[in-house]
Peer 1: 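The structure is given below, and queries will be raised subsequently.
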Amino acid sequence: MNRPARLAAAALTASAALLLTACGGGDSGSEENDKVAGVDRGAEKSATPSAPASADRPKIDVPSDVTYAFEWKKTGDPDKDAVLSDAEQRIRAVDMAIAEQDALHEAYTFYSEGTAAAGSQKYIQEFIDHKARTTGLTRFYGETVTVDDDGTASLVYCEDQSKATNKYLKTGKTDATSATKNSYVLYAGTLRKNKDGVWVTERLDSTRGSAKCQP
């Protein structure tokens, strides 16, 4: 039976790329879209801005063994920093939905709509089907964000999955981790600021093994 070698989305519009293989098999992800521009792996790093205050924002709570290194830099532009903050919250919300085995969790649907939400639902369901969740450290870097006057934004970034893996709920066992070309994923997202001031991800495309994200 097929098992998730690294449940993190090779797919399309998921919030974190999902790599499904047969045991010992290869990556099912696409490497055809490497021409996404704008990835900058600058050395300057600082903490991602806190999520803008809102009484309606869901509380994000992931297991203690699910950790992140967000190397996204503050831009000094309020809108750009808000885009980065809400994108980070969406990523965390998807991992919370996976941990809670809820493919329609209100936390990730708060931060995503359209094909991005549909992709995340499919991604989360893969974990549910395999009775698994994420564990380990995931790193995010190389971000480029632009904001347009019409209330939309684009965000390109890289993800390093080399220190993250799957944890099976029944046994507590984890899959082995190893860094390969396909541990690095390039994302290109489209966001829109909604009436509540939240930057909602509407589309998110991924390219596993992108040359732009390799160490």
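What's counted below: heavy atoms across the whole structure, side chains too, no hydrogens, waters or symmetry copies.
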Peer 1: Taking only residues two or more places apart in sequence, or in another chain, which ones meet Asp61 in a salt bridge (charged side-chain N to carboxylate O under 4.0 Å, His left out)?
Peer 2: none
Peer 1: Does Lys80 have any salt bridge (charged side-chain N to carboxylate O under 4.0 Å, His left out) partners at least two apart in sequence or in another chain, and if so, which?
Peer 2: none
Peer 1: Kindly say whether Thr152 contributes a backbone atom to a donor-acceptor pair with the side chain of Asp150 at under 3.5 angstrom?
Peer 2: yes
Peer 1: Once rounded to the nearest 0.5 Å, what's the spacing between atom CD of Glu88 and atom CZ of Phe140?
Peer 2: 8.5 Å
Peer 1: I'd like to know if the side chain of Gln214 and the backbone of Lys181 have a donor-acceptor N/O pair within less than 3.5 Å.
Peer 2: yes
Peer 1: Measure the OG-OH distance between Ser206 and Tyr123 for me, rounded to the nearest 0.5 Å.
Peer 2: 10.5 Å
Peer 1: Would you tell me whether Ser162 and Asp160 have side-chain atoms, one donor and one acceptor, within less than 3.5 Å of each other?
Peer 2: yes
Peer 1: Look up atom CD in Glu100 and atom CD1 in Ile124, then write down how far apart they are to the nearest 0.5 Å.
Peer 2: 10.5 Å
Peer 1: Tell me the closest heavy-atom pair linking Ala97 and His105, and the distance in Å.
Peer 2: CB-CB, 3.5 Å
Peer 1: Under the side chain to side chain contact (heavy atoms under 4.5 Å, CB included) rule, what do Leu186 and Arg208 come out as? Steps first, then yes or no, please.
Peer 2: CA-CA 6 Å; Leu186 178 68; Arg208 182 172 293 280; over 6 Å; no
Peer 1: For Lys122, does its backbone N or O pair with a side-chain atom of Glu126 as donor and acceptor, under 3.5 Å?
Peer 2: no
Peer 1: Tyr68 versus Arg92: any side-chain heavy-atom pair under 4.5 Å?
Peer 2: yes
Peer 1: Could you tell me which residues satisfy side chain to side chain donor-acceptor pair (under 3.5 Å) with Asp77, sequence neighbours excluded, listed by chain and number?
Peer 2: none
Peer 1: Decide yes or no on side chain to side chain contact (heavy atoms under 4.5 Å, CB included) for Glu143 and Leu84, but give the supporting numbers first.
Peer 2: CA-CA 9 Å; Glu143 75 288 351; Leu84 292 171; 4.1 Å; yes
Peer 1: Does the ring centre of Tyr157 sit less than 6.0 Å away from the ring centre of Trp72?
Peer 2: yes
Peer 1: Can you find a pair of side-chain heavy atoms, one from Thr138 and one from Glu159, that are under 4.5 Å apart?
Peer 2: yes
Peer 1: For a quick check under 3.5 Å, do Asp81 and Thr75 share a side-chain donor-acceptor pair by atom type?
Peer 2: yes
Peer 1: Go through the structure and list residues passing side chain to side chain donor-acceptor pair (under 3.5 Å) with Asp148, not counting sequence neighbours.
Peer 2: none
Peer 1: With a 4.5 Å heavy-atom cut-off, do Tyr168 and Thr174 have their side chains touching?
Peer 2: no
Peer 1: Please report the C-alpha distance between Asn194 and Trp199 in whole Å, then the side-chain angles of each, then the deciding distance to 0.1 Å, and finally whether the side chain to side chain contact (heavy atoms under 4.5 Å, CB included) criterion is met.
Peer 2: CA-CA 6 Å; Asn194 68 16; Trp199 286 96; over 6 Å; no
Peer 1: Over all heavy atoms of both residues, which pair between Val62 and Val66 is shortest? Give the atoms and the distance, please.
Peer 2: CG2-O, 3.8 Å
Peer 1: Do Thr165 and Thr135 have side chains that approach each other closer than 4.5 Å (heavy atoms only, starting at C-beta)?
Peer 2: yes
Peer 1: So if you build clusters from Ile, Leu, Val, Met, Phe, Trp, Tyr with side-chain heavy-atom gaps below 4.5 Å, do Met96 and Leu169 land together?
Peer 2: no
Peer 1: Before you tell me yes or no, could you show the steps for Arg90 and Asp95 under salt bridge (Lys or Arg N to Asp or Glu O under 4.0 Å), namely the whole-Å CA-CA distance, both residues' side-chain angles and the distance that decides it to 0.1 Å?
Peer 2: CA-CA 9 Å; Arg90 174 187 52 76; Asp95 279 335; over 6 Å; no
Peer 1: For the residue pair Arg57 and Asp86, establish whether any side-chain heavy-atom pair is separated by less than 4.5 Å.
Peer 2: yes
Peer 1: Do Gln161 and Tyr184 have side-chain atoms, one donor and one acceptor, less than 3.5 Å apart?
Peer 2: no
Peer 1: Does any N or O in the side chain of Ser210 come within less than 3.5 Å of the main-chain N or O of Thr207, such that one atom is a donor and the other an acceptor?
Peer 2: no
Peer 1: Does Thr146 have any side chain to side chain donor-acceptor pair (under 3.5 Å) partners at least two apart in sequence or in another chain, and if so, which?
Peer 2: Ser154
Peer 1: Checking Arg203 side chain against Gly189 main chain: does a donor-acceptor pair fall under 3.5 Å?
Peer 2: no
Peer 1: Which value, rounded to the nearest 0.5 Å, describes the distance between Tyr187 atom OH and Leu155 atom CG?
Peer 2: 12.0 Å
Peer 1: What residue pairs, at least two apart or across chains, pass salt bridge (charged side-chain N to carboxylate O under 4.0 Å, His left out) with a residue in residues 108-117?
Peer 2: Glu113-Arg192
Peer 1: I need the Ile60 CD1 to Ile91 CD1 distance, nearest 0.5 Å.
Peer 2: 11.5 Å
Peer 1: In this structure, would Tyr108 and Ile128 fall into the same cluster of hydrophobic residues linked by side-chain contacts under 4.5 Å?
Peer 2: yes
Peer 1: Which value, rounded to the nearest 0.5 Å, describes the distance between Ser112 atom OG and Gln121 atom CD?
Peer 2: 10.0 Å
Peer 1: Specify the closest pair of heavy atoms between Ala132 and Ile98, including all atoms of both residues, with the distance to one decimal.
Peer 2: O-CG2, 3.9 Å
Peer 1: Quick one: are Lys193 and Asp79 in side-chain contact, heavy atoms under 4.5 Å?
Peer 2: yes
Peer 1: Measuring only between side-chain heavy atoms, which start at C-beta, is Thr201 closer than 4.5 Å to Tyr111?
Peer 2: no
